[in-house]
Amino acid sequence: MMGQRALRRPPGLLWLIPLCVLHLGALGQPSEEAASIQGVRGSSVELACGSQPGPLVVFWSFMSLGSLIPRLVAVTNGAESKVEAGASALGAVSMRNSSLVLAELREGARGHFLCQALHQAGGQLHTTYSHISLTVLVPVSKPQVRMSELSPMEGTSVVATCAVREGTEPVTITWQHQAPRGPEATLVGVTERLFHLDPVNRTHLGWYVCSAHNAVNRMSSDEVFLDVIYGPDQPVITVEPPRFTEEGFWSSEKEEVTLSCLAASNPPSHYVWLRGHTQVHAGPTYTITSTSRAHTGLYTCLAHNRHLDTRTQATVQLTIYYPPEGQPSCAVLPTFGAVTLVCTWPGGLPTAQMQWEGPQGTGPTAPSNVTWSHAATQLANSSTFTCTGQHPALALLALCRITLWEPLRSPICQTVATTRDQFIMLSCEWPGGEPPALLSWLDGQQEPLGGSSSSLAVHVLQAREDLAGREFICRGTHPLRVPDPHCQLQLEAPQLAVAEPWVSVLEGGEAWLGCTLLGGMPPAQLLWLGPKHLPVEPGTSGFMLHPEGTQLRLGIQGADPAHHGGTYQCVAHNTLGSRSQSVLLEVLRYPAPPNVTISRLTYSRHRREVQLQWAIRGPGNLTGFLVQQRASVPGPEAGAWETAAGDIKPESRTQRLGGLDPGVLYAFRVLALNHHTTGHPSEVKIPADPPFSAYPAVLGAAGTGMVVATVASLLVFQYAARHPETFPCLGRLLVPMEQNHPHRGSMEGPEAQAGIETPPNIPGLDPAHESLDEPVTVTITVTATP
């Protein structure tokens, strides 16, 4: 908008031209045009002056809204243009031909522009007027969101304001809300600059953006976060894996369980886990890696909002399931005419669900224990029934099977006497079968004795002699066996027999006495009594006991007439009485061997050995000899006889005995043996010294003397030959012989014949020069050996 200073300036030449135009325009009728144009602040707009081309002079003026005074803006004559200095209030003003260009349009350009143009047509001048109304539009500025409270508590009031500094009306406002976890922003149905949240809640939490737009543009504000404080809500507890019970949740033993707690809260809650009244974990998630029965209990989750200092809690029941121990147990109970199947699997949490299945189909179902009864006539031998147990903690079914089968053979009856024979126990056994057979005892009149029992029936009677001859019956009952089998027995006193009533054996031999048990119920016990009426103990005094079934054999080894001969008794005894039979054992001796006489008994040279010879006199059998010795002391102080040699063969008649003490005088005797029978001892003799004999000594001395004499003679001859002056006569006899035989070998002389080598002649050694006084020593030793 032009200032007053611009309007007070003196008009220039160009400003005078319009006045002339206006004046000339009076000569003709002017033409007028009108238009409306919109421009945007800061942009450029071009105002055209009429539709006729080539004006001579153009004059632009401006009147602001509400003003009636035109203000000069610019003028041009085609060759020169002039812009009023005060026109800068409208923007950057310039001329383009006859058009007025407003660049960097300002809001002051809002108003009416008048263009006056002088044209020449047909030799006449005329004026045109163009009225242009310019509207300047202002873009909306960037809005700003202002919250009365950025972190309000849930339930309070919040006012959100969208502030727009400028913008040409009408300006339209819109609000957008972006939740923190929402997919995208949503448009709020509010178009006012003020947005009331009363009361504010957790759904209002998030980012808010306000947008403003007009005919020029649209602008949006920055995001503003509204942080609504709330909570914590009531916690929600989840369990993984999710398994529900009426009380809460359950899990199997040794399984990983995760308890999660979530309580809506802003800011987020802090969590604490309690089991019972004890803290076990801090945090929203509590994991038990391997559960056990001890983990069963109440688990409480505490949620705490520290900003508001508020707390909430929730509790769940966690039960640890565990199956019963082991496997189901199947059994069948014997009853008369029927069978009752029983399946049990006690324990576990919860109890297992049991069900029977058989050849006729599916049976009843019950927890922990289930029974199923069948008539015996409907069942076949080897019928199989299956009981299945189902438990939530087990992935597979547990089962047991039972097969009905008839026991083999029939009942077996037997009796046993108790200690000290006070009672008789009747025993009946019928093993096997499924179900086991029922057994019961009956007397001879078919009256029951006591109740029934399975597989084994026992009845005890007081031991009395009048029970002999009475019969007892054991009856067996099984649903698969028709008719009922039975066994019976009769009580009786024992009976026995011996193999031979008289047995003989030679002394030292072996004898066997036999005894056989012929009957008796209860079974009797056999024993042997010796000659002294005492029980025979095996392993003592050569006795042996050899039981074989119903027989008891007594063996006697090394029979001795003094200890083993006599009457033996075989005794059989049970609770109803005793029986015995006798056996006579006669031990016979061997015949006496012949007598023995000592024919020679002499010492050796050093009296450490003796040489003994003997001879036998009279008939008789021999199995060996025995030599005894003792120290020979006169009177009653003589020592006891000791065995000097035994096990001498019967054909031997000599024996050398050593190891004697030369300083002791010994006495010897010889006894003949016939097995265990010893003959009469020989006479007692003392060894004699050996006789003296000089013949060997004399002969030895003579032989030795001859050898010594021969050697001495040879030595004398050799010396005489070498020294003839010593023995002249002998020298003259020997020297000519050497001279007469100069070429004979050295072994032909007397020295050679004597086995003596003659030494060679050595120069310088003449026998005549040898000393005549050299002695010659000859030693002769004679040893006499006795």
Side-chain angles (χ1 to χ4, degrees), residues 498-514 528 530-532 536 538-546 553-568 582-604 609-632 638-660 666-688:
V498 295
E500 296 179 3
W502 178 79
V503 177
S504 63
V505 63
L506 290 173
E507 182 183 8
E510 182 178 280
W512 286 94
L513 311 182
W528 282 96
K532 297 181 180 180
V536 173
T540 60
S541 301
F543 291 114
M544 297 182 298
L545 289 177
H546 185 61
R553 300 177 64 200
L554 173 62
I556 298 99
Q557 289 182 331
D560 185 2
H563 296 90
H564 299 138
T567 301
Y568 293 80
S582 300
V583 177
L584 176 62
L585 176 62
E586 183 178 4
V587 181
L588 304 178
R589 292 182 177 272
Y590 284 93
N595 294 331
V596 181
T597 61
I598 297 176
S599 59
R600 182 181 179 186
L601 179 62
T602 59
Y603 275 117
S604 64
E609 295 180 351
V610 295
Q611 184 69 30
L612 175 64
Q613 293 183 357
W614 64 85
I616 59 175
R617 298 288 184 268
N621 295 328
L622 283 173
T623 59
F625 293 96
L626 177 67
V627 178
Q628 294 180 336
Q629 69 180 23
R630 70 178 179 181
S632 179
W641 287 102
E642 299 177 353
T643 300
D647 296 332
I648 302 175
K649 296 182 179 180
E651 61 270 15
S652 298
R653 296 295 184 270
T654 63
Q655 184 70 29
R656 180 181 294 274
L657 304 176
L660 302 180
Y666 293 94
F668 295 88
R669 69 180 184 181
V670 182
L671 298 90
L673 301 177
N674 185 10
H675 295 283
H676 293 275
T677 301
T678 303
H680 188 75
S682 68
E683 71 278 17
V684 178
K685 284 191 175 184
I686 297 174

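What you are looking at is a predicted structure, and each value in this text was computed from that prediction instead of being measured.
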Test Phe543 against Trp528 for ring-ring contact (aromatic ring centres under 6.0 Å, His included), laying out the working first.
CA-CA 11 Å; Phe543 291 114; Trp528 282 96; over 10 Å; no
Tell me, with the steps shown, if Leu588 and Glu586 meet side-chain contact (heavy atoms from CB on, under 4.5 Å).
CA-CA 6 Å; Leu588 304 178; Glu586 183 178 4; 3.3 Å; yes
Go through Gln557 and Glu510 one step at a time and tell me if the side-chain hydrogen bond (donor to acceptor under 3.5 Å, both in side chains) criterion holds.
CA-CA 5 Å; Gln557 289 182 331; Glu510 182 178 280; 3.3 Å; yes
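Smallest separation of non-hydrogen atoms from Val596 and Leu671: CG2-C, 4.4 Å. Pairing each heavy atom of His676 with each of Tyr590, the nearest pair is N-CD1, 4.3 Å. Closest approach of Val503 and Leu513 over heavy atoms only: CG2-CD2, 3.7 Å. Considering all non-hydrogen atoms of both residues, Phe668 and Pro687 come closest at CE1-CG, 3.6 Å. The two residues Leu585 and Ala511 come nearest to each other via the heavy atoms CD1-CB, 3.9 Å. Between His564 and Gly558, the closest heavy-atom pair is CE1-O, 3.4 Å.
To the nearest 0.5 Å, atom CZ of residue Arg653 and atom CD of residue Gln613 are 11.5 Å apart. Expressed to the nearest 0.5 Å, how far NZ of Lys685 lies from OG1 of Thr602 amounts to 11.0 Å. The distance from the CG atom of Leu601 to the CD1 atom of Ile686 is 9.0 Å, given to the nearest 0.5 Å. Taking CD1 of Ile556 as the start and CG of Leu554 as the end, the distance is 4.0 Å to the nearest 0.5 Å. How far CZ of Arg669 is from CG of Leu626: 8.5 Å, rounded to the nearest 0.5 Å. How far CD of Gln629 is from CH2 of Trp641: 9.0 Å, rounded to the nearest 0.5 Å.
Pro650 meets the side chain to side chain contact (heavy atoms under 4.5 Å, CB included) test with Leu622; sequence neighbours excluded. Not a single salt bridge (Lys or Arg N to Asp or Glu O under 4.0 Å) links Arg600 to another residue, sequence neighbours left out. Annotation: side chain to side chain contact (heavy atoms under 4.5 Å, CB included) contacts of Ala615 (sequence neighbours excluded): Thr597, Arg617.
Residues Leu660 and Tyr603 meet the side-chain proximity criterion, which asks for heavy atoms closer than 4.5 Å. Between Thr677 and Pro593 the shortest side-chain heavy-atom distance falls below 4.5 Å. Inter-residue side-chain proximity for Ile648 and Gln655 is flagged as met; some heavy-atom pair is nearer than 4.5 Å. When side chains are defined from C-beta on, Ser582 does not count as touching Tyr568, because their heavy atoms never get closer than 4.5 Å. Looking only at side-chain heavy atoms (C-beta outward), Leu612 and Ile598 come within less than 4.5 Å of each other. Side-chain contact between Ile616 and Asn595 is absent, with no heavy-atom pair separated by less than 4.5 Å. Taking the side chain as every heavy atom from C-beta outward, Glu507 and His675 never approach each other to under 4.5 Å.
Although no hydrogens or angles enter the test, the distance criterion places a donor-acceptor pair under 3.5 Å between the side chain of Asn674 and the main chain of Pro591.
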